[in-house]
Amino acid sequence: RNFTKNGIEELGLKTVISTTILNEKLPYEATHGIADLVYPDWETDGQRLLLHVGKDSFSASGGVLALDYMLKNYSFEKIALIGLDLIMQNKRMYYFEPDELQENLKYLFDNGSYERDGFINNTKSGHDEDLSRLFVIQCVKNNPNTMFEITTENEELVMKLGSLPNVNIL
């Protein structure tokens, strides 16, 4: 869902990074004309947006894509990553409710990928959790002068990042 105009103003959003499918344009309500709207030139396999870890490419979730873009194009003293769970299988998608799911993704309820009751992810996500985790770890390690404050229920991510001096697990 889009933020309200007041929500964008209250949050002080300056830029919205589109992680939509190829050639899809966000509505005016995505920024209300207040924030810049960026459509990065993502690498694709024709259907999915891709990132790389070493020689492996993977379909990244919107949050991981946005993190990559931000770190490549801006400099930050601190970044807060809220709900960075990397779409874990058999876990609740706790950071929003089922009725707030984007219209173009509601088929995931119909095909059994997610349960409406409890919003449990029943299937392995098309966004590779293992490669996503490695990618996030690489991002954090490659940006030692940026403090990362992270909320996550991904225990493996906590184990890998928790001891780094530029990470605060909240």
Side-chain angles (χ1 to χ4, degrees), residues 1 15-26 30 35-76 78-96 100-115 119-164 166-167 169:
R1 289 199 176 158
T15 304
V16 172
I17 302 165
S18 173
T19 60
T20 60
I21 58 174
L22 304 174
N23 302 318
E24 182 180 335
K25 297 297 180 191
L26 294 176
D36 293 331
L37 179 55
V38 177
Y39 291 95
D41 187 21
W42 304 112
E43 181 180 341
T44 177
D45 65 1
Q47 295 182 347
R48 303 171 306 154
L49 305 177
L50 302 175
L51 291 177
H52 299 274
V53 174
K55 295 178 183 179
D56 295 317
S57 63
F58 67 101
S59 172
S61 67
V64 174
L65 286 164
L67 176 64
D68 176 61
Y69 181 84
M70 291 182 336
L71 291 172
K72 286 180 178 173
N73 292 281
Y74 303 97
S75 177
F76 298 95
K78 185 185 292 186
I79 295 176
L81 301 172
I82 311 301
L84 185 69
D85 292 335
L86 307 176
I87 312 178
M88 297 180 296
Q89 187 173 356
N90 300 316
K91 299 287 184 176
R92 178 172 172 27
M93 299 283 289
Y94 72 89
Y95 44 90
F96 57 88
E100 297 172 324
L101 188 66
Q102 297 163 246
E103 286 299 320
N104 66 333
L105 296 178
K106 289 194 175 176
Y107 74 92
L108 294 169
F109 292 126
D110 298 331
N111 75 10
S113 294
Y114 293 98
E115 295 175 19
F119 211 165
I120 305 297
N121 178 12
N122 290 322
T123 61
K124 187 168 182 162
S125 169
H127 306 299
D128 189 297
E129 181 186 343
D130 294 330
L131 289 175
S132 294
R133 185 174 29 260
L134 289 173
F135 185 83
V136 169
I137 293 165
Q138 174 183 293
C139 286
V140 171
K141 287 182 175 180
N142 289 344
N143 290 276
N145 296 322
T146 300
M147 182 66 187
F148 291 86
E149 295 190 339
I150 302 172
T151 62
T152 182
E153 292 187 11
N154 190 308
E155 294 171 8
E156 288 187 51
L157 192 60
V158 169
M159 288 187 329
K160 299 284 186 179
L161 292 178
S163 63
L164 297 177
N166 62 329
V167 173
I169 304 292

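Keep in mind that this is a model prediction, so the values were computed, not measured.
In this structure, the separation between CD on Gln138 and CZ on Arg133 is 14.0 Å, given to the nearest 0.5 Å. Note that the CG atom of Leu134 and the SG atom of Cys139 stand 11.0 Å from one another [nearest 0.5 Å]. Taken to the nearest 0.5 Å, the CG atom of Leu157 stands 6.5 Å off from the CD1 atom of Ile169. Considering CH2 of Trp42 and CD1 of Ile17, their distance stands at 6.5 Å, rounded to 0.5 Å. Atom OG1 in Thr146 sits 11.5 Å away from atom NZ in Lys78 (nearest 0.5 Å). Distance check, rounded to the nearest 0.5 Å: CD1 of Ile137 to CG of Asn142 gives 11.5 Å.
Between Thr19 and Gly62 the shortest heavy-atom distance is CG2-O, 3.4 Å. Ala60 and Leu65 make their closest contact through O-CD1, 3.7 Å (heavy atoms, listed as atom of the first residue, atom of the second, distance). Here the closest heavy-atom approach between residue Ser18 and residue Leu26 is recorded as CB-CD1, 3.8 Å.
Test Asn143, Leu161, Val136 against Phe148 for side chain to side chain contact (heavy atoms under 4.5 Å, CB included) and you get one pass: Asn143. Among Val167, Thr151, Ile150, the single residue meeting the side chain to side chain contact (heavy atoms under 4.5 Å, CB included) criterion with Leu81 is Ile150.
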With a 3.5 Å cut-off and sequence neighbours excluded, list the donor-acceptor pairs that the side chains of residues 66-74 form with protein atoms.
residue	atom	partner	partner atom	Å
Asp68	OD1	Lys72	NZ	3.3
Asp68	OD2	Lys72	NZ	3.4
Asn73	ND2	Tyr69	O	2.8

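Formation of a donor-acceptor pair under 3.5 Å by the Tyr39 side chain with backbone atoms of Thr20 is not found in this model.
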